[in-house]
Amino acid sequence: MSSETESPDTSSDFIRDIVAQHVAEKRYAKIVTRFPPEPNGFLHLGHARAILLNFGIARENGGQCNLRFDDTNPAKEDASYVDAITHDIKWLIEGWADEQLASKPKGAVPVAQQINDRTDYQVSTASSSDADTEAFTASDYFDQLYNYALDLIKKGHAFVCDLSATEIEEYRGSLKEPGRDSPFRDRSVEENLDLFERMRAGEFPDGAKSLRAKIDMTSPNLWLRDPLLYRIRHIAHHHTGDKWCLYPLYDYAHCLSDYLEGVTHSFCSLEFVVHRPLYDWVLASLDLPRELPHQYEFAKLIPSYTLMSKRNLLRLVAENHVSGWDDPRMPTIAGLRRRGISAAIIRRFVIGTGITTNDDSITDIAAMEHVVRDELNQSAERRLGVLKPIKLVLTNLAPDEVIECEAINNPQAETPKKRKLSLTREVFIESDDFAEIPPPKFRRLKPGGEVRLKYACIIGFDEIIKDADGNVTELHCTAQLDTRSGEANSSKKVKGTVHWVSATQCHEVTTRLYDRLFTVEEPGAEEDFVTALNPDSLEVVTAKVEPSLAEAIPGAVYQFERLGYFTADSTDSSPGKPVFNRTITLRDTWGK
RNA sequence: UGCCCGAUGGUGUAAUGGUAGCACAGGUGACUUUGACUCACCCAGUCAUGGUUCGAACCCAUGUCGGGCAGCCA
């Protein structure tokens, strides 16, 4: 099927070098990575890099990659995204790293175990053959996270603070000025324990108190100035319900979730570099028995002409600039899939961009378009379809005459299969393929010229028919039947070949012509990206296509010869009535 | 102007003290029953200045430019 030519495992990057070093040192029994999406939107091309890195590292080292929902903020998250995210990940790695996708037994939470006479907590991993499994979920660790917070308080590493949000901001200082200690910083362990328990019990309103790490208010790293660990939120959580009104923050929950799952390598994007000391501080302050996970950062993938943040993509959806998260113009995994772009294509493109710490790079979207065309050229069957038809009459054929022609399904195939096409007196050709006053080097149909109807025969131009207003209504030509394949004059050469469909044996199908969503290279850098929306990103036409396309398989991609690649939309098509989405046009070196 | 990070053709990357390579984009031509594909050729780079070294894209120093950080978001 796919001729996926993914980079061999010889390709390396700084992260693979680090992991290879650890493997050589036998530092870990098994390499364990994780992909931790927050269920607050659909996954996009940027996530694809993280997914492919995490699963790729696991795949190359006989390890595992945990899918973990990072659901510590009930105000922004929703269970409705969980299924879509899970589906997209599985689809992206299918046939490539399915074995590495790790989950846990249903309902599993961290359990106590003895390690070197010390009590440790870990959540078990389910084997891929187990029946009842589910994704790892940070909120399943809330109890254990709470207990760890108690430990932190007992060790004098955390305190309950009564300062308001604005006061905390003031006390934090600025980029240049050091911060000041909270007046509540030196509460006794007993008082902190009592207050924290009462926070959990719901005695205080939102924002009245918080649990903070006791680190260093004068640190040049803002994230070390007694950062918050827990905040009060009297709001139900999509997974834990109303059990909690106290929720941990990312910096506290993430490193410990990694630890509880036995993650060895925790990869994230560059903006978390400044958080790494905090990641390490939390883990180190708890004096944990097992080997600690470590965080490594890499640069995000930002393709040109696309938006790449969930916040912004959500706005496109909310304001109806697109039909949804899976609109074929969206850079989401679901959108690309509907567009006809396979997982193998995404993998080849994303992996091909590499992993670095260069932080200001924009990847030319043309690099992805190249992969799309290259893969589809190998796999897509060819069909004939006319987007903007103009009628052409072959005056030397009888009205009911049908001439059978043979068309090749895919010239790239080892042993190309063929199908039948019917040439009739009346056909449609692309209106772009005729010019009454042709521009220089025009190789198509023009007055007095000749052109070949693909897979049929050469035709000679006779006459142009116009209506009263001067609009072209029909083109009259003569078919040179002896130039058909196998006939005496079949090797006759003409400069142009055009596609066509029989006017009496064709189907009309709704076809969506997509173009890039934005007119500028970096819409995310725009004051307001909405002003950079491409007004022509979607054009709907009723195309005339050859009969076989009525049975197009949703999700399959076809090349409409000389036009581009089209896929039958899997949500809007119905049996016998496909709706086509244009995946991408063919490369066009002539320009028009 | 606090701290941290980064800098290789137009773009994305490789070279880890020893010939600056690959891909995309762009250009020219060949081929063509898809102006597609394919093929051939061309274009074009180590941010700057010093230093270490027989030898520096790589190590050091300084500068320049770019990015990140002051959510009870992740």
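All values derive from a computational prediction rather than experimental measurement. Every chain is numbered from 1, with letters handed out A, B, ... down the list of sequences.
- Remark: the A:Lys493 side chain and the B:U33 base include no donor-acceptor N/O pair separated by less than 3.5 Å.
- Relative orientation of the A:His275 and A:Tyr250 rings is perpendicular, given thresholds of 30° and 60° on the angle between their planes.
- Among B:G35, B:G12, B:A36, the nucleotide with an atom closest to any side-chain atom of A:Lys441 is B:G35.
- Contact between the side-chain N/O atoms of A:Arg233 and the OP1/OP2 oxygens of B:C73 is found at a separation under 4.0 Å.
- Looking at residues 405-421 of chain A, you'll see A:Pro411, A:Gln412 sit with a heavy atom under 4.0 Å from some atom of RNA chain B.
- The A:Thr353 side chain lies nearest to B:G12 when the options are B:A36, B:C69, B:G12.
- Checked options A:Arg276, A:Arg34, A:Glu297; the residue passing with A:Ser266 is A:Arg34 (criterion: side chain to side chain donor-acceptor pair (under 3.5 Å)).
- When the P atom of B:U34 is taken as reference, atom CD of A:Gln559 falls 11 Å away, rounded to whole Å.
- For A:Asp360, counting side-chain heavy atoms from C-beta on, the closest listed nucleotide (B:A14, B:G66, B:G2) is B:G66.
- Computed from coordinates, the A:Lys310 NZ to B:C73 P distance equals 16 Å when rounded to whole Å.
- Residue A:Arg231 places at least one side-chain N or O under 4.0 Å from the OP1 or OP2 atom of B:C73.
- Listed nucleotides B:G12, B:G35, B:U34 differ in distance to A:Ser361; the shortest reach to its side chain belongs to B:G12.
- Using a distance-only test at 3.5 Å, with no hydrogens or angles considered, no donor-acceptor pair links the side chain of A:Arg382 to the main chain of A:Ala407.
- Counting only heavy atoms from C-beta on, A:Asp359 has its side chain closest to B:C5 among B:A36, B:C5, B:A70.
- Ring pair A:Phe196/A:Tyr146: centre-to-centre distance below 6.0 Å.
- Spacing between B:A14 and B:G55 at atom P, rounded to whole Å, works out to 28 Å.
- Using atom C1' as the reference point in both B:G27 and B:G17, the two lie 37 Å apart (nearest Å).
- When the C1' atom is compared between B:U19 and B:U33, the two are found 47 Å apart, to the nearest whole Å.
- Residue A:Thr356 has a polar side-chain atom (N or O) positioned under 4.0 Å from OP1 or OP2 of B:U13.
- The distance between atom CH2 of A:Trp223 and atom P of B:G71, rounded to the nearest whole Å, is 7 Å.
- Considering only side-chain atoms of A:Thr589, the nucleotide from B:U11, B:G35, B:C69 that sits closest is B:G35.
- Taking only side-chain atoms of A:Trp590, from C-beta outward, the nucleotide of B:U1, B:G35, B:C5 with the closest atom is B:G35.
- Between A:Glu271 and A:Lys300 there is a salt bridge, since at least one side-chain N of the basic residue sits less than 4.0 Å from a carboxylate O of the acidic one.
- Taking only distance into account, the side chain of A:His499 never meets the base of B:A36 through a donor-acceptor pair shorter than 3.5 Å.
- Of the candidates A:Tyr247, A:Tyr252, A:Trp244, A:Tyr252 is the only one forming a ring-ring contact (aromatic ring centres under 6.0 Å, His included) with A:Tyr230.
- Taking every side-chain heavy atom of A:Asp588 into account, B:G35 is the closest of B:U1, B:C5, B:G35.
- Residue-to-nucleotide contacts include no donor-acceptor pair under 3.5 Å from the side chain of A:Arg562 to the base of B:U34.
- Separating the C1' atom of B:G63 from that of B:C72 is a span of 41 Å, rounded to the nearest Å.
- Across all strands, A:Ala367 comes closer than 4.0 Å only to sugar-phosphate atoms, never to a base (heavy-atom distances).
- When the side-chain nitrogen and oxygen atoms of A:Asn358 are compared with OP1 and OP2 of B:U13, one or more of them lie within a distance under 4.0 Å.
- The base of B:G35 lies outside donor-acceptor range of the side chain of A:Arg587, with no N or O pair under 3.5 Å.
- Taking atom C1' on both B:C37 and B:C73, the two are 48 Å apart, rounded to the nearest angstrom.
- Between B:U28 and B:G66, the two C1' atoms lie 36 Å apart (nearest whole Å).
- Picking from B:U34, B:C73, B:U32 the nucleotide with the shortest atom distance to the side chain of A:Glu38 gives B:C73.
- The side-chain hydrogen bond (donor to acceptor under 3.5 Å, both in side chains) search around A:Arg315 returns A:Glu319, A:Asp528, not counting sequence neighbours.
- For the pair A:Arg187 (side chain) and A:Val160 (backbone), a donor-acceptor distance under 3.5 Å is present.
- Regarding A:Lys495, its NZ atom lies at a distance of 14 Å from the P atom of B:C31, rounded to whole Å.
- Distances shorter than 4.0 Å separate some side-chain N or O of A:Arg172 from OP1 or OP2 on B:C72.
- Base pairing in RNA chain B gives the following stems of 3 or more Watson-Crick or G-U pairs, range against range and under 3.5 Å: B:2-7 with B:64-69, B:10-13 with B:21-24, B:26-30 with B:38-42, B:47-51 with B:59-63.
- Spacing between atom CG of A:Asn40 and atom C1' of B:C73 amounts to 9 Å, rounded to whole angstrom units.
- Of the charged side-chain nitrogens involved, at least one lies within less than 4.0 Å of a carboxylate oxygen, so that A:Arg419 and A:Glu546 count as a salt-bridged pair.
- Taking 4.0 angstrom as the limit, A:Ser304 places none of its side-chain polar atoms (N or O) nearer than this to OP1 or OP2 of B:U11.
- Here the two rings, on A:Phe272 and A:Tyr279, have centers that are 6.0 Å apart or farther.
- When each of B:A36, B:G68, B:C24 is scored by its nearest atom to the side-chain atoms of A:His370, the top-ranked nucleotide is B:C24.
- Taking 4.0 Å as the cut-off between side-chain N and carboxylate O, A:Arg348 and A:Glu375 count as a salt-bridged pair.
- Here B:U33 presents its P atom at 18 Å from CG of A:Leu445, a figure rounded to the nearest Å.
- A distance of about 46 Å separates the C1' atoms of B:C47 and B:U32, rounded to the whole Å.
- A:Lys420 has a carboxylate O that lies under 4.0 Å from a charged side-chain N of A:Glu406, or vice versa, which qualifies the two as a salt bridge.
- The aromatic rings of A:His237 and A:His239 sit perpendicular, their planes meeting at an angle over 60°, well past the 30° parallel limit.
- Residue A:Tyr171 contributes atom OH, which lies 16 Å from atom P of B:C72 at whole-angstrom precision.
- Rounded to whole Å, the separation between the C1' atoms of B:A44 and B:G9 comes to 4 Å.
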